[in-house]
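Below you'll find the structure, written out as C-alpha cells, and then a few comments.
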Amino acid sequence: MDFTLTEGQKMLQKTAAEFAEKYVEPRAEDIDRTGEFPRDIFEKMCQVGFAGIGTPEKYGGSGGTDIDKVLAVTEIAKKDASCAAILSIHTIFASVLNKFGTEEQKQKYLPETTNGGALGAFALTEPNAGSDAGNAKTTAILDEKTGEYVINGTKCFISGGSQAKNLLIFALTDPSRGTKGLSCILVEKDTPGFSVGKIEEKMGIHCSETAELIFEDCRVPKENLIGKEGQGFKIAMTALDGARIGVAAQALGIAERALQESIKYMKERVQFGKPIAALQGLQWYISDMTVRVECARWMIFRAAWLKVSGQPYTKEAAIAKLNASETATFVTNLALQIHGGYGYMKDYPLERMYRDAKITEIYEGTSEIHKVVISRAMLK
Ligand code: COS
C-alpha cells in the first residue's frame with residue numbers, strides 16, 4: 001500500500017495551505033468573536049475550486065477525490081476549524097446530488113453549488129432524532145393534484161441553515177413505513193412555508209452557523225425528490241459515511257496545528273533558565289501528541305482511499321472519525337496545558353482550537369454512534 005501523495009495532491013495541499021494563511025487566518029479571531037458567517041471566505045473557496053472537489057467538471061466542479069477534500073479541509077482547519085466545517089459540510093450537498101440526483105437536478109444545482117457561491121445544507125436532525133436519525137417526524141406528503149410535496153416539521157442544529165440557498169431535507173413521504181418511508185427532498189431557501197427559527201449560540205465553531213428550520217405547509221415540486229421515495233435513510237447514511245471523513249480531516253487539522261504551536265512555544269518559552277522544550281515531562285507530551293496525530297492521519301487516508309477505490313468504508317470512516325476527533329480534544333488539551341496561562345488567554349489561538357475541537361466528537365455522529373457502527377461491523 002502506497003499512501004505517498006501525488007504531485008497534484010501535493011500541489012493542492014500547498015494551495016490550500018497558502019489560501020488558509022492568506023484568507024482564513026487573518027479573519028479567524030474576528031469571526032470566532034462575532035459569529036459572523038464568513039461569506040467572503042466561502043465565496044473564495046468556491047472561486048478557487050475547493051467547494052467543487054469531488055464534482056465532475058461538466059457540472060462546474062473541480063474533479064478530484066475525497067483524498068483531495070481531506071487535504072483541503074485539513075489545511076483550512078489548521079487556521080480556522082469553522083471555515084473547514086463550512087467547506088466540509090457544504091460538499092455533502094454536492095456529493096448527495098452527484099450520487100443520487102437526476103441529470104436535470106445536477107445541471108440545475110451543481111454549478112451554483114460548486115463555483116457560484118450557493119451554500120448547500122443537509123437537514124437530517126430533529127429535536128427527537130439526533131443519534132436516532134431514523135426517528136425523524138418531519139413529513140412530506142405528496143399532493144397528487146398539484147404534484148407538490150407538502151412539508152411540515154422542524155429540523156434543528158442544521159449547519160448553514162439560514163445561509164444556504166439550497167437544502168436537502170429528510171422527511172417522511174410515507175409516515176406509516178417509519179425509516180423506510182423517509183425521503184430526501186431539495187428545498188430552495190425562498191420557498192414559502194420555509195423559515196429559519198433559532199440560531200444557536202455555541203461553545204465553538206462560532207462562524208459555522210447552526211440553525212433551526214421550520215416547515216409549515218412548505219410546498220416543493222415533486223421533481224425535487226432526490227433518489228426514490230423511501231430511499232432517504234440510506235441516502236443520509238451514505239452521505240454521513242463520507243461526511244465523517246470530512247469531520248475527521250477537520251479534527252486532524254486542529255490537532256496538527258495545536259502540535260505545531262506547542263513545539264514552537266516550547267522552544268521559545270524560557271523557564272528555570274532554559275527553554276521548556278528541555279523538560280522531559282513536556283517532551284513526552286509532544287511524543288504522545290505526535291503518535292495520536294500520525295495515527296489519525298493514516299486512518300483518514302485509509303478511509304478516503306477505500307471510498308475513492310469503490311470499496312466498503314463505513315466502518316473505516318467511523319474509525320477515522322472516532323479516532324481523529326478524540327485526538328483533536330486530546331492534543332488541544334495538552335497544547336493548552338503546555339502553553340499554561342497564555343494558552344487560556346484569547347491572545348493565543350489555543351483556547352479557540354480547544355473549543356472548536358470538542359464538536360468533532362459530536363457532530364456527523366457522536367463517538368458513541370461510531371462505536372455502534374464499528375462494533376456492529378465487527379460482530380456481524
Ligand atoms: N450506508 C448505507 N445504508 C445504511 C448505512 C450506511 N452506512 N447504515 C445503515 N444503512 C441501512 C441499513 O442497511 C438498513 O437497511 P435495510 O433496512 O434495508 O436493511 C437501514 O439503513 C437501517 O439501518 P439500521 O437498522 O442500522 O438503522 P438504525 O436505526 O439502527 O441506525 C445508526 C443506525 C445508529 C448507525 C444511524 O442511525 C446513525 O448513523 N445515527 C447517527 C446519525 C448522525 O450521525 N447524525 C448526525 C447529524 S446529521 S448532520
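Treat the numbers as computed from the prediction; the structure is a model and nothing was measured.
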*Full working for side-chain contact (heavy atoms from CB on, under 4.5 Å) between L186 and L167*: CA-CA 6 Å; L186 192 152; L167 307 98; over 6 Å; no

*Using a 4.5 Å cut-off on heavy atoms from C-beta on, say whether the side chain of N115 contacts that of Q47.*
no

*Output yes when R352 and E29 qualify as a salt bridge under the 4.0 Å nitrogen-oxygen rule, no when they do not.*
no

*asked:* Please report the interatomic distance OG1(T91) to CE(M45), rounded to the nearest 0.5 Å.
replied: 10.0 Å

_Please check: side-chain N/O of Q9 versus main-chain N/O of D68, any donor-acceptor pairing under 3.5 Å?_
no

_Euclidean distance, R355 CZ relative to I254 CD1, rounded to 0.5 Å_ = 11.5 Å

*asked:* Can you tell me how the ring of F3 sits relative to the ring of F301, calling it parallel under 30°, perpendicular over 60° and tilted otherwise?
replied: perpendicular

_Are the side chains of L252 and T327 in contact, using a 4.5 Å heavy-atom criterion?_
no

*Answer yes or no: is there a donor N or O on one side and an acceptor on the other, between the side chain of E261 and the main chain of A258, under 3.5 Å?*
no

*Assign the ring pair Y348 / Y265 to parallel, tilted or perpendicular, where the plane angle (0 to 90°) is split at 30° and 60°.*
perpendicular

*asked:* Could you measure the distance from the CD1 atom of I76 to the OG atom of S88? Nearest 0.5 Å is fine.
replied: 10.0 Å

*asked:* Tell me whether N135 contacts the main-chain N or O of N128 through its side chain, where contact means a donor paired with an acceptor under 3.5 Å.
replied: yes

*asked:* Could you walk me through whether E112 and K165 satisfy the salt bridge (Lys or Arg N to Asp or Glu O under 4.0 Å) test, starting with their C-alpha distance in whole Å, then the side-chain angles of each, then the deciding distance to 0.1 Å, before giving a yes or no?
replied: CA-CA 10 Å; E112 64 179 15; K165 176 172 181 298; 3.1 Å; yes

*Can we say E316 and R302 salt-bridge, meaning some charged N sits less than 4.0 Å from an Asp/Glu carboxylate O?*
yes

*Over all heavy atoms of both residues, which pair between E209 and A211 is shortest? Give the atoms and the distance, please.*
OE1-CB, 4.0 Å

*asked:* Quick one: does any side-chain atom of N152 pair with a main-chain N or O of D217 as donor and acceptor, under 3.5 Å?
replied: yes

*asked:* Using the ring-ring contact (aromatic ring centres under 6.0 Å, His included) criterion, which residues pair with F50? Sequence neighbours excluded.
replied: F19

*So which heavy atom on I53 is nearest to which on A72, and how close?*
CD1-CB, 4.0 Å

_For L259 versus V331, what's the shortest heavy-atom pair and its separation?_
N-CG1, 4.1 Å

*If only atom types and distance count, is the side chain of T191 paired as donor or acceptor with the main-chain N or O of V187 below 3.5 Å?*
no

Would you list the atom pairs, donor with acceptor, under 3.5 Å between side chains in residues 192-205 and any protein atom, with sequence neighbours excluded?
residue, atom, partner, partner atom, Å
K198, NZ, E200, OE1, 3.1
K202, NZ, I205, O, 3.4
K202, NZ, S208, O, 2.8
K202, NZ, T210, OG1, 3.0

_Side-chain donor/acceptor of H370 to backbone N/O of G365, under 3.5 Å_ = yes

*Are side-chain N/O atoms of Y59 and E103 paired as donor and acceptor at under 3.5 Å?*
yes

*Do you reckon V73 sits in the same ILVMFWY cluster as W298, going by side-chain contacts under 4.5 Å, direct or chained?*
yes

*Over 12 non-hydrogen atoms of neighbours within 6.0 angstrom of CD in Q107*: yes

_Are the side chains of I86 and P38 in contact, using a 4.5 Å heavy-atom criterion?_
yes

*Going by distance alone, is a donor N or O of one side chain under 3.5 Å from an acceptor N or O of the other, for S325 and T360?*
no

*Quick one: ring-ring contact (aromatic ring centres under 6.0 Å, His included) pairs with a partner in residues 122-142, sequence neighbours left out?*
F122-F170

*Within the distance-only criterion (no hydrogens, no angle test), does the side chain of Q105 pair as donor or acceptor with the backbone N or O of L225 below 3.5 angstrom?*
yes

*Are the aromatic ring centres of F42 and H90 under 6.0 angstrom apart?*
yes

*Please assess I276 against V270 for the test side-chain contact (heavy atoms from CB on, under 4.5 Å), listing each intermediate value before the final yes or no.*
CA-CA 6 Å; I276 60 172; V270 174; over 6 Å; no

*With distance as the sole criterion, is a donor-acceptor pair present between the side chains of Y23 and E18 under 3.5 Å?*
no

*Are there more than 12 heavy atoms of other residues, nucleotides or ligands under 6.0 Å from atom OH of Y354?*
no

*Would you give the length of the straight line joining atom OH of Y313 to atom CG of D241, rounded to the nearest 0.5 angstrom?*
5.0 Å

*Give, for atom CG of L182 and atom CD1 of I235, the distance between the pair rounded to the nearest 0.5 Å.*
9.0 Å

_Basic-acidic side-chain contact under 4.0 Å: E25, R257_ = yes

_Within residues 146-156 or reaching into it, pairs that qualify as salt bridge (Lys or Arg N to Asp or Glu O under 4.0 Å) - sequence neighbours excluded_ = E126-K155, E148-R219

*What is the minimum heavy-atom distance between D32 and H206, and which atoms define it?*
O-ND1, 2.7 Å

_Could you measure the distance from the CG atom of L97 to the CG atom of L168? Nearest 0.5 Å is fine._
6.5 Å

*Any pair with a residue in residues 166-194 that passes salt bridge (Lys or Arg N to Asp or Glu O under 4.0 Å), sequence neighbours left out, goes on the list, sorted by first then second residue, please.*
K108-E188

_Pair R297-I300, side-chain contact (heavy atoms from CB on, under 4.5 Å): steps then yes or no_ = CA-CA 5 Å; R297 187 195 330 282; I300 294 168; 5.9 Å; no

_Nearest non-hydrogen partners of A94 and T55, listed with the distance_ = CB-OG1, 3.7 Å

*Between E368 and K371, does at least one N-O distance fall below 4.0 Å, as a salt bridge requires?*
no

*May I ask you to test the C207-I41 pair for a side-chain heavy-atom distance under 4.5 Å?*
no

*Is the number of heavy atoms from other residues, nucleotides or ligands under 6.0 Å of Y363 OH greater than 12?*
yes

*Salt-bridged, K222 to D143, with N to O below 4.0 Å?*
no

*Answer with yes or no whether the hydrophobic clustering places F233 together with F93; edges join I, L, V, M, F, W, Y residues whose side-chain heavy atoms lie under 4.5 Å apart.*
yes

_Over 12 foreign heavy atoms within 6.0 Å of CG, D132_ = yes

*asked:* Would the distance check show the side chain of T139 and the main-chain N or O of I141 forming a donor-acceptor pair, the cut-off being under 3.5 Å?
replied: no

*Is the backbone N or O of G49 less than 3.5 Å from a side-chain atom of S62, with the two atoms forming a donor-acceptor pair by type?*
yes

*asked:* Is it the case that the side chain of K79 and the backbone of K22 share a donor-acceptor pair, with hydrogens and angles ignored and the cut-off at 3.5 Å?
replied: no

*Closest non-hydrogen atom pair between S367 and E326, with its separation*: OG-OE2, 3.9 Å

*Do the side chains of K58 and K106 get nearer than 4.5 Å, heavy atoms only?*
no

*Mind running side-chain contact (heavy atoms from CB on, under 4.5 Å) on L172 and T138 for me, showing each step along the way?*
CA-CA 6 Å; L172 293 162; T138 295; over 6 Å; no

_Which residues share a salt bridge (charged side-chain N to carboxylate O under 4.0 Å, His left out) with K10, sequence neighbours left out_ = E7

*Distance-only donor-acceptor check, side chains T366 and E361, under 3.5 Å*: no

